[in-house]
Asks: 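Below you will find the structure I want to go over with you.
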Amino acid sequence: MHDQVVARFVKDFMDKDITPYVPAPQGIDLDDYKWAYQGGS
């Protein structure tokens, strides 16, 4: 994501409001997924 404000919001949202409550699909590393989703940055 090019807009750092939006990127930070999405990361915080995923870390605080999704990851703790939604189980990861089998075989998926959520940290790797979130890293890739944000463009690997």
Side-chain angles (χ1 to χ4, degrees):
M1 289 185 206
H2 295 285
D3 186 325
Q4 293 303 309
V5 173
V6 174
R8 186 65 181 169
F9 171 79
V10 170
K11 182 182 183 316
D12 288 345
F13 177 69
M14 290 179 76
D15 289 344
K16 295 175 185 173
D17 295 319
I18 296 175
T19 304
Y21 303 105
V22 179
Q26 184 175 349
I28 301 296
D29 182 316
L30 288 181
D31 289 330
D32 286 347
Y33 172 80
K34 289 186 280 186
W35 180 80
Y37 180 81
Q38 299 230 343
S41 58

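The structure presented is a predicted model; accordingly, all values stated were derived computationally and were not measured.
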Asks: In terms of hydrophobic clustering (I, L, V, M, F, W, Y; side-chain heavy atoms under 4.5 Å; direct or indirect links), are Y21 and Y33 co-clustered?
Replies: no
Asks: Working to the nearest 0.5 Å, report the span between CG of D3 and CZ of F9.
Replies: 12.0 Å
Asks: Linking I/L/V/M/F/W/Y whenever any side-chain heavy atoms sit under 4.5 Å apart, do V22 and M14 land together?
Replies: yes
Asks: Roughly how far apart are K11 NZ and T19 OG1, rounded to 0.5 Å?
Replies: 9.0 Å
